[in-house]
Structure formats: structure tokens, C-alpha cells
Protein chains: 2
Amino acid sequence: MERVRQACRSCSVSQLCLPAGLEASELDRLESALEKKMTLHRGESLYTVGDPLESLFAVRSGCMKTSVLGSDGVEQIIGFALPGELLGLDALSVERHQCTAVALDTTAICVLPFARIEDLAAELPSLNRQLLRIMGSEISREQDLLSLLANKRASERLASFLDNLSKRFSDRGYSGRDFRLYMSRQEMANYLGMTIETVSRTLSAWQREGLIHIESKALSILDPEGLRAIAGNCVAG
Amino acid sequence: MERVRQACRSCSVSQLCLPAGLEASELDRLESALEKKMTLHRGESLYTVGDPLESLFAVRSGCMKTSVLGSDGVEQIIGFALPGELLGLDALSVERHQCTAVALDTTAICVLPFARIEDLAAELPSLNRQLLRIMGSEISREQDLLSLLANKRASERLASFLDNLSKRFSDRGYSGRDFRLYMSRQEMANYLGMTIETVSRTLSAWQREGLIHIESKALSILDPEGLRAIAGNCVAG
DNA sequence: CGTTCACTTGAACCCCCTCAAGGATGGTGG
DNA sequence: CCACCATCCTTGAGGGGGTTCAAGTGAACG
């Protein structure tokens, strides 16, 4: 961990993150509240179910997964966070984290001490508004995912997922056609409510049909329109 | 619609709602921001996808359902709101409602003009904190529901749902053993990602086994422990 | 070069959906 | 008050999408 200065204004995803919509003077103050950054390696966890809420976190680079533990101890993956996305919002309800966040790759994280964010948000309406906006979009995102899980077939879910990842990568300046899937087949399957075998079979079929090319975790989308057609024009996931 | 005074402090569910944790003087100010209340009848909608965000809403009595529309136009029910619960939070992201809220019964609603809530929250830290807390628990709630949909069998989902309703009714001072299901079988099925036939068959089976008694929408839980055992001790839903 | 772990592929089964018909309920108008 | 109709719910039979079980392949790493 190290202190950072000018962290946000030099960050390529700041417009997707908490600073979006803040003016320069406001940004100064946000940056001074932002205490430190940290780096996680694959498999390391940022927080775990039950940890007290101390900070919110922003992904700066890399990829995280968040998951809840069912009563039976079965993991359910809730989301994959790419750069610019905020983590830890579920802890605002009971001041304890309700899920676990684990790095899928070497991942840089900005630590936002909640007490300072809260104080600052009381002074800066646009920051508070942005915090509410991010929480609102997290609620929307989960609603779309619910819709996906409840009434789509396995292939539609998987196609929606890949299409959604594609869109998010291109929003971040990466290629939306060729990208790396940070997660394992098992993690995709878990997230989408299916088994690893079904994921594998479906991907293999699409590869035979020329929709995609996939080798290990490297994905190329050869026919984005075809994929979207399978997804039923549903970009959730 | 009519102006209300002392709305919150005379409300039996205020401790489950936005006023929770506020002091008397703060409550005064919240009540003055709270403009009016309104009554909806079965089938009437409070807001629809795409409506601009003007207000948040609190359920005072009755029951509402919220749903999103998939790209294919299929409705997906996201939740059922009982008294004390806030509606409209998903609109904070893009200032437009992302879902539709419809009354399942005659329902009294408190209207909270968002601009005034936002201004007031900037002055009252505890109100802002409570707003964040409610949004956080909405995120948690949806996460639990995701876990339910992704890796539970139909009967586990239905049992979790009834158990969850039971808990919420008893939190509100009603019986957790005998209560009215405001929603139709179709709406339960949609919410839980199953078909109406499966819901009906499962309820019939439980009735034969003596777990429940159900007649139309009137439910009696005869064996709460048995139901929880089927749910796998999972109270989400 | 052997071990491990992730992934792929095949075969059989089953839970739940689909399709279909019948029964109950509640509101409406004569 | 009853007939009528629309809607909701129940029950049955059959089929299919996806899971489960099982074996094999491939790549990474010591």
C-alpha cells in the first residue's frame, strides 16, 4: 500500500467511477479522502462475509468477483467487477459485508474509507448524488440479472453474458471483440445458474458454428450479431 | 391525495421505513418534506418503466409488486413490497424508473419528492445514512434472490419465499402463520422463475402432507419447521 | 516426466416445462 | 337470484433441456 496523489485525475476509468460529474475542486477533496491503493493477486480476497464495513473499494485495473454464501455453504457469484466499478455497497445496510470479493487476476484497488466518503458526501451534493447513482445502477444491474436467470434458457444466458462483457470492455477502451475471460468455466456457470458442462458444451457448439473462437480464456467474438440474436437482444448479465 | 401531518410518527411501520433512527426534530423536517399520500387500487400502477424520477415512494399499507420488462416484453417480477418498504430506488441511476410498480391490493403510499429528500439528506446525516442503508439492503435482498434462483430447486425456492413472507408479516405485527398472499399463483411463479403449474402442484403436495393449508390466497403454515427444512434454512425470497 | 487442475465430451436420467382439459371463483348484467 | 363469462387455479400426461455421472484430453508446473 502507498499513498496516492492525483489518483483519480490520472485514472483512465474515472468517468465510470465515483469521480464522474465532479468539478476540479471537488475532485481535489475526493482525492484527499482516498487514502491508499492496494494490489491483490489472483485468489486473494478484498473482504469476506461478515467483515465490518470500513471502506468502499474501486477497481482500478484487473478483475474481481463478488459472491454470497448460501445457508448450505454453496457459493453464488453475484458479479464480476471491471475497472471503474465500486465494491462493498451491500455492506451499507448492516455495516458488515454481505458478500466476499476475490481477485481473479492481479488487481489494483482504490480504498475509500467510508467515514470520510460519508462526511465528504454531506458537503458535496454532487458526490452524494453520484454515490446514490452508482447504488441505483447496482440495483438495476441485479434486476436485469434476475430477469435473465428466471426466464432465459442456458444458451441465452451465456450469450447475454458474453455480449455484456464485450460491451463493458469496449466502454473501457479495450477491444469488445477479443478479450480475456478472467473467470473460469466453473465461475461462469455458477454466475449464470448452470453447470460447467453446459457452459463448455455451449461454447464448443458456438465455436463449431463459427460464432466465436475460444482458446482457454482468450475469447474472440467472430459474429457479434449472431451472439446478440441468441441472447435475444438482452444485454444483461 | 391529501396533505398529511404527523404522518410518520403515527405510522406503525415507521421503524422499518425511512424515519428509522431519526430524532424527533429530524422527523419534523422529514414530515414537512413528505408532501402527500395517495391510494392505489388493485392493478393501478404507481410508476412505469421510463417515467422520470420525481419521487420515491413508501408503502404504508397494502402490497405492491415491482417488475422489469425483458427485451422480449416478458415481465419479470423483482419484488413484492409490504408496508414500510421503499420503492423507486432503481431510478436513482439514470433519473428514470427502470421498473414498473403495480398495486396488488388497495394500497396507501407516501410520496417523497426526491429533490426535497435529497436536499434534506444533505442537512441530516442520519437521514442520508438511512437512505444508503435502505439501498444497501435492497442490493443484499436482490443478491439473496439471485442465489435462490441460480442454485435452488423449485420446491426450495417456493418454501424460501413463503418463509420469507411469513417473517416479514410477523415483523410488521401480523401473524406469520396465517396470512393472505396478495399475489396470484402466476405472479409467484414468475417471481420465482418457475411455471404456474409447478407452483400449484407443489402447494397441493404440501397441503396433502399437512405442511400448509391454503385456500385461494389465504395461507396457513401448519409446520413452519418443515417448511424451513425444505427451504434449506434459506430465508431469502 | 509425472501430477494436478481445468476443461471437454459422451451417455443416461430426471426435474420441470409444455400442452391440454377440467374445475373453482368472482364479477356482471339481466 | 341466477345465468353467464372471464379469470384463476388444479390436475394429468408426455417430452425435452439441462443435470448428473463418468471418462478422457490438454495445459501448466514442479
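Quick note on labels: first sequence line is chain A, next is B, and so on, each numbered from 1.
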Fill in: Set of side-chain contact (heavy atoms from CB on, under 4.5 Å) partners for V49(B), sequence neighbours left out
T100(B)
Quick check: do [X] and [Y] have side-chain heavy atoms less than 4.5 Å from each other?
| X | Y | result |
| --- | --- | --- |
| L86(A) | L112(A) | yes |
| R168(A) | E85(A) | yes |
| S166(B) | R177(B) | no |

Under a 4.0 Å threshold between the charged nitrogen and the carboxylate oxygen, would [Y] count as salt-bridged to [X]?
| X | Y | answer |
| --- | --- | --- |
| E54(A) | R96(A) | no |
| D72(A) | K152(B) | yes |
| D163(A) | R228(A) | yes |

Worksheet item: First and last nucleotide of DNA chain D touching chain B, 5' to 3', heavy-atom cut-off 4.0 Å?
Response: dC9(D) to dA13(D)
Which atom pairs, one a donor and one an acceptor, fall under 3.5 Å between side chains of residues 202-216 of chain B and the rest of the protein, sequence neighbours left out?
| unit_1 | atom_1 | unit_2 | atom_2 | d |
| --- | --- | --- | --- | --- |
| T202(B) | OG1 | T198(B) | O | 2.6 |
| S204(B) | OG | S200(B) | O | 3.0 |
| Q207(B) | OE1 | I214(B) | N | 2.9 |

Worksheet item: Between residues 202-219 of chain A and DNA chain C, which residues have a heavy-atom gap below 4.0 Å?
Response: S204(A), K217(A)
Discussion item. Without decimals, in angstroms, what is the distance between N190(A) CG and dC7(C) C1'?
Written reply: 17 Å
Discussion item. Suppose we screen for side chain to side chain donor-acceptor pair (under 3.5 Å). Which residues come up paired with S67(B), at least two apart in sequence or across chains?
Written reply: E75(B)
Practice prompt. Measure centre to centre between the rings of F80(A) and Y182(A), then say whether the value is under 6.0 Å.
Written response: no
Quick one: which protein N/O atoms are closer than 3.5 Å to N/O atoms of nucleotides 14-23 of chain C? Pair and distance per line, please.
| unit_1 | atom_1 | unit_2 | atom_2 | d |
| --- | --- | --- | --- | --- |
| dC16(C) | OP1 | A154(B) | N | 2.8 |
| dC17(C) | OP2 | T195(B) | N | 3.4 |
| dC17(C) | OP2 | T195(B) | OG1 | 3.0 |
| dC17(C) | OP2 | T198(B) | OG1 | 2.5 |
| dT18(C) | O4 | R201(B) | NH2 | 3.1 |
| dC19(C) | N4 | E197(B) | OE2 | 2.9 |

